[in-house]
Amino acid sequence: MDEKYFAKKIEQKWQQKWAESGAFHAEPDATRPKFYALEMLPYPSGNLHMGHVRNYSAGDALAWYKRLKGFNVLHPIGWDSFGQPAEDAAVKRGVNPRDWTEDNIQVMRGQLERMGFSYDWRRQMAAHRPEYYKFDQWFFLKMYEMGLAYKRLTQVNWCSHDQATLSNEQASGGLCWRCGNPVTKKDLEQWFLKTTAYTDQLLDDMAEIEAGWPASVLKRQSDWMGRSEGAFVEFEVMAHGESLFACPIVDGLTSMSDHGKGRVRVFTTRIDTIYGANAIVLAAEHPVIQANIDNFSEEVATKIAFIRAENAKPADHEVEIEKDGIDTGLRAVNPFSHEEIPVWVGNYVMMEYGTGAVMSVPAHDDRDFEFAKKFGLPIRQVISEPHMEHAHHTMQAMALEVPLTIYGVLVHSDFWNGKRSEDAKKEMAEFAVKHGFGEAATTYRLRDWGISRQRFWGSPIPIIYCDRCGTVPEKFENLPVRLPENAPITGTGESPLAKVPEFYETTCPKCDGPAKRETDTMDTFVDSSWYFFRYLDPTNEDMPFDTEKAAYWTPVDQYIGGDDHAVMHLIYARFWSKVMRDMGLVTFDEPVKRLLTQGMVVGETFFDDETGKRIYYPADDVTVERDPKGRLTSAVNAEGKRLRHAIERMSKSKGNGVDPNDMVDAYGADAARLFVMFAAPIENELVWHEAGIEGAVRFLQRVWRLVYRWQSAFGGDLQPPATAGGSESRKLRQKTHQTIKRVSDSFESLQFNTPVAALMELSNAISDVEFENADVDTVFAVREALTSLVLMLTPFTPHTSEELYSVLVGNDDGMLANSARFPEFIEEMAKADEIEIPVQINGKLRSRVMAPPETSNEDLEKLAFADEKVREFTDGKDVVKVIVVPKRLVNIVVK
RNA sequence: GCUGGGGUGGCGGAAUUGGUAGACGCCCAGGACUUAAAAUCCUGUGUCCUUAGGGACGUACGGGUUCGAUUCCCGUCCCCAGUACCA
């Protein structure tokens with residue numbers, strides 16, 4: 001054993017040993033409980049960043065902990081290697097996306113290995129390789145057979161200058177991110193997966209995972225899916241001269257009544273407020289508007305055109321859009337009150353949600369209220385707070401200052417008066433059914449998942465268009481549909497594959513005639529929806545994975561990743577599992593039992609913002625001064641200019657990025673891993689401070705020195721003390737077992753910062769033991785403490801632990817080969833002989849007494865009163881009351 | 001705006017069911033070792049008062065419940081995240 005801790009030397013040694021012995025290779029084993037530890041796979045951008053380090057350090061800690069607890073642990077990693085950055089690199093630097101991606105994977109795998117993460121590398125998958133994306137296509141065809149994949153016309157963001165489709169982010173502000181020209185919407189045929197067929201399951205099955213997922217994630221998912229229960233109500237619509245009114249029958253939006261008049265269907269969650277409706281408001285894109293556009297006055301037509309044009313622009317979320325609209329001149333009849341009300345067009349009604357038509361009830365809806373105020377429409381209150389109900393029967397509608405959106409009691413609503421909103425909602429929906437103008441209904445925000453991308457670097461959609469047979473799925477035996485080696489990637493224009501005849505020219509699988517392939521590729525969220533099943537069986541050529549292997553390993557026991565994937569990725573992955581269940585590949589509803597979302601890694605930035613724009617300076621070029629308390633008092637750059645500072649997300653441009661490679665070079669992987677786990681709770685932001693990692697190194701050096709100092713004493717065959725042992729050894733054993741409990745409990749509850757603190761305390765306790773003159777019991781206690789410490793550190797600092805463990809056991813085979821186990825907590829050992837009991841007088845701490853933990857309340861009280869300090873406060877006063885909490889405290893109330 | 005989460009030393013953060021607030025680490029200060037520095041080790045470190053022993057105050061702010069509140073309840077302020085007219 002070296003006298004000093006050389007991180008690089010032992011890290012290389014153990015990484016090599018692990019690789020040679022296949023220490024982390026996992027195979028199904030029915031005799032052991034399994035644990036599937038999964039972390040979100042990285043995009044191979046070329047560099048590992050600290051966010052990855054944090055994510056994978058947590059996952060690796062858990063994987064190691066479970067291994068030492070005797071679990072058969074599956075801990076794989078792979079690459080989310082399809083996607084735009086590869087194409088951007090191709091555009092910018094003319095490199096081949098495949099080469100670029102493969103090179104990056106090489107580099108990043110090396111970085112992961114240097115961090116010493118305990119992956120089963122045999123199971124690595126990469127989305128861009130044909131053996132993987134073959135099964136993206138396989139799933140697509142299966143879903144096509146199941147009726148879950150379909151094609152339809154839809155609108156996309158379109159830049160006519162660049163001839164390119166854009167994502168919402170790329171079109172933010174209504175301008176193309178690349179050329180700055182205005183973005184329009186364009187109709188395009190796109191493939192969809194029917195996520196909406198599973199909306200109810202996606203919502204209802206949350207009950208199964210509630211215990212293991214952060215509440216905030218489930219909440220966001222359920223908001224995203226946006227189930228709302230209400231009712232459809234049909235309003236008869238007419239023009240002043242009825243002949244002018246045209247009502248195309250559009251299923252679900254409009255219908256024809258038995259008087260031969262057109263009806264418009266609205267969706268409402270508050271049918272109980274229908275007597276307060278002052279208008280029907282339609283989306284500008286509503287079919288009834290389209291059909292009557294020629295009949296409207298010029299003013300109306302102009303307004304409608306204007307609103308449509310506004311809607312076609314991508315939304316700029318920063319600005320609140322002002323309500324706009326116009327009375328079309330059409331009239332509608334309230335089917336409950338038979339009142340005739342105007343039909344408006346409003347910019348706040350969206351064609352994509354519900355029926356594209358609403359009834360406007362300004363008294364009880366914020367948006368309708370604002371709309372009515374702006375255009376001077378009548379506001380009639382029909383819901384009252386229960387205690388106000390009587391007043392409303394005698395009073396005419398009062399002018400509301402603000403809309404009353406709560407549930408209450410119906411007023412001014414004919415024979416429904418006096419009913420509670422909850423009851424009225426139900427009964428009025430039934431009434432509507434009975435009279436044929438409506439029904440209870442549920443609508444969703446979630447739409448089907450559009451997976452078509454006009455991109456090169458993705459999995460080709462395995463569909464063929466034949467002039468004779470139409471849309472024909474590729475045959476399963478022809479999969480994968482391979483990407484060509486090269487395609488003209490310009491970053492502009494439509495699907496690169498559409499310019500590669502060798503790719504798209506094919507024959508029809510049905511008639512063998514000439515045909516064309518689909519040239520769009522799949523959204524990369526497809527790859528990440530099922531990658532964690534491929535790890536189970538990465539070389540299977542016939543199936544995405546073997547169902548028996550899946551039955552052993554899945555569902556995932558713990559998934560760890562960034563909070564930014566809480567909604568999309570995790571909804572798609574849940575959807576995919578449900579589809580796989582319906583295909584018979586798996587038997588469960590939910591693929592992930594427990595989810596942990598980790599916070600961002602941020603760093604201190606220094607900048608000069610005098611010009612209004614922040615000019616950043618890297619920390620190395622900044623001189624910082626602190627006051628005696630350690631508070632930062634000034635920061636100046638090389639030219640002596642005063643700078644301001646802040647904490648911001650790490651990035652190169654801000655000069656606060658940290659390269660994991662540099663950290664490993666300077667401090668070692670173990671120290672870096674220990675620090676990221678210790679510095680903050682995993683779900684919080686983590687502020688990177690160089691000084692913090694130095695503290696981690698110091699701690700590891702201390703532990704190293706402890707083992708170095710004591711190892712010679714551990715030689716003989718040490719037996720546990722027959723007697724209770726001396727008080728020093730007893731105290732240390734106590735601390736050891738208390739720490740075992742704390743650390744185990746922390747791992748079970750997924751806390752990683754507090755166990756490190758507990759281990760530091762234990763290490764401090766060992767340091768307090770004097771080496772010289774230590775008796776045999778003390779040596780035993782130290783050995784137990786040190787061995788426990790080393791084992792419990794393994795999840796955080798596996799290399800250092802392996803090395804120290806090899807010193808303690810006297811062989812170099814490694815913990816797993818030695819069947820090392822996490823130390824066992826012995827309750828008897830953790831118990832203290834004497835505990836400190838605080839004594840309060842009138843709730844204020846005045847003294848402390850020592851007593852055995854099992855001391856009776858009476859004795860504790862006596863001890864307290866015997867205390868000199870307590871006497872000072874009680875003498876000459878009346879003792880009103882004494883509260884004794886066993887093992888906790890004594891509180892004496894005096895007057 | 002709405003929804004969710006949160007305000008604890010100079011900083012990151014600890015505190016079973018209400019029971020010794022500030023564990024652990026960083027920063028900072030003092031000391032030992034050293035020709036010197038680094039490294040290491042030791043000591044101190046919530047604020048204020050005090051010669052000492054000690055005392056008063058203190059978990060965003062204001063109230064309340066309780067023998068006792070960082071923890072429970074009510075009100076106010078602030079921060080962070082998500083969301084964007086979802087009828």
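In what follows, every chain begins at residue 1, and chains take the letters A, B, ... in the order their sequences are listed. Keep in mind that the numbers below use all heavy atoms, side chains included, and drop hydrogens, waters and symmetry copies. Since this is a predicted model, take the numbers as computed values, not measurements.
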Check your understanding: Which whole-number value in Å describes the distance from A:Lys323 NZ to B:A87 P?
Key -> 14 Å

Of the candidate nucleotides [options], which contains the atom at the shortest distance from the side chain of [X]?
X: A:Asn764; options: B:A87, B:C24, B:U20; value: B:C24
X: A:Ser228; options: B:C85, B:C26, B:A87; value: B:A87
X: A:Thr268; options: B:A87, B:G82, B:A14; value: B:A87
X: A:Ile883; options: B:G19, B:A87, B:U3; value: B:G19
X: A:Tyr348; options: B:C85, B:C67, B:C24; value: B:C85
X: A:Glu761; options: B:A87, B:C24, B:C41; value: B:C24
X: A:Phe267; options: B:G25, B:A87, B:U17; value: B:A87
X: A:Arg445; options: B:U40, B:U20, B:U83; value: B:U83
X: A:Arg220; options: B:G82, B:U3, B:G13; value: B:G82
X: A:Lys219; options: B:U3, B:G55, B:G13; value: B:U3

Need the pair for [N]. Rule: Watson-Crick or G-U wobble, both distances under 3.5 Å, any strand; none if unpaired.
N: B:G9; result: none
N: B:G1; result: B:U83
N: B:C67; result: B:G19
N: B:C41; result: B:G31
N: B:G75; result: B:C61

Quick one: label [X] by what it contacts on the DNA or RNA (base, sugar-phosphate, nothing), any heavy atom closer than 4.0 Å.
X: A:Met350; result: base
X: A:Gly226; result: nothing
X: A:Arg698; result: sugar-phosphate

Review point. For the base of B:U20, is there a side-chain donor-acceptor partner from A:Glu836 under 3.5 Å away?
Key: yes

Check your understanding: Can A:Asn334 and A:Tyr275 be counted as having a side-chain donor-acceptor contact under 3.5 angstrom?
Key -> no

Can you tell me, in whole Å, how much space there is between the [atom1] of [N] and that of [M]?
N: B:C79; M: B:G25; atom1: P; answer: 34 Å
N: B:U50; M: B:A56; atom1: C1'; answer: 11 Å
N: B:C80; M: B:C27; atom1: P; answer: 28 Å
N: B:G55; M: B:G5; atom1: P; answer: 41 Å
N: B:G6; M: B:U71; atom1: P; answer: 13 Å
N: B:C11; M: B:U45; atom1: C1'; answer: 14 Å
N: B:U76; M: B:C26; atom1: P; answer: 42 Å
N: B:C49; M: B:A39; atom1: C1'; answer: 40 Å

**Study point:** Syn/anti state of B:G9 by chi, 90° boundary around 0
**Key:** syn

Revision key, fill the gap. The single option from A:Asp200, A:Thr443, A:Thr199 that satisfies side chain to side chain donor-acceptor pair (under 3.5 Å) with A:Arg227 is A:Asp200

Review point. Do the non-hydrogen side-chain atoms of A:Met663 and A:Trp688 ever get within less than 4.5 Å of each other?
Key: yes

Point to revise | Pairwise side-chain contact, A:Lys741 with A:His737, heavy-atom cut-off 4.5 Å (strictly under) | key: no

Point to revise | Any A:Arg888 side-chain N or O less than 4.0 Å from OP1/OP2 of B:G68 | key: no

Point to revise | Candidates A:Ile883, A:Val884, A:Asn842 - the one meeting side-chain contact (heavy atoms from CB on, under 4.5 Å) with A:Asn891 | key: A:Ile883

Review point. Got a sec: does the CZ of A:Phe306 have more than 12 other heavy atoms crowding it under 6.0 Å?
Key: no

Review point. Taking it one step at a time, do A:Asp368 and A:Tyr348 satisfy side-chain hydrogen bond (donor to acceptor under 3.5 Å, both in side chains)?
Key: CA-CA 9 Å; A:Asp368 296 339; A:Tyr348 71 103; 2.7 Å; yes

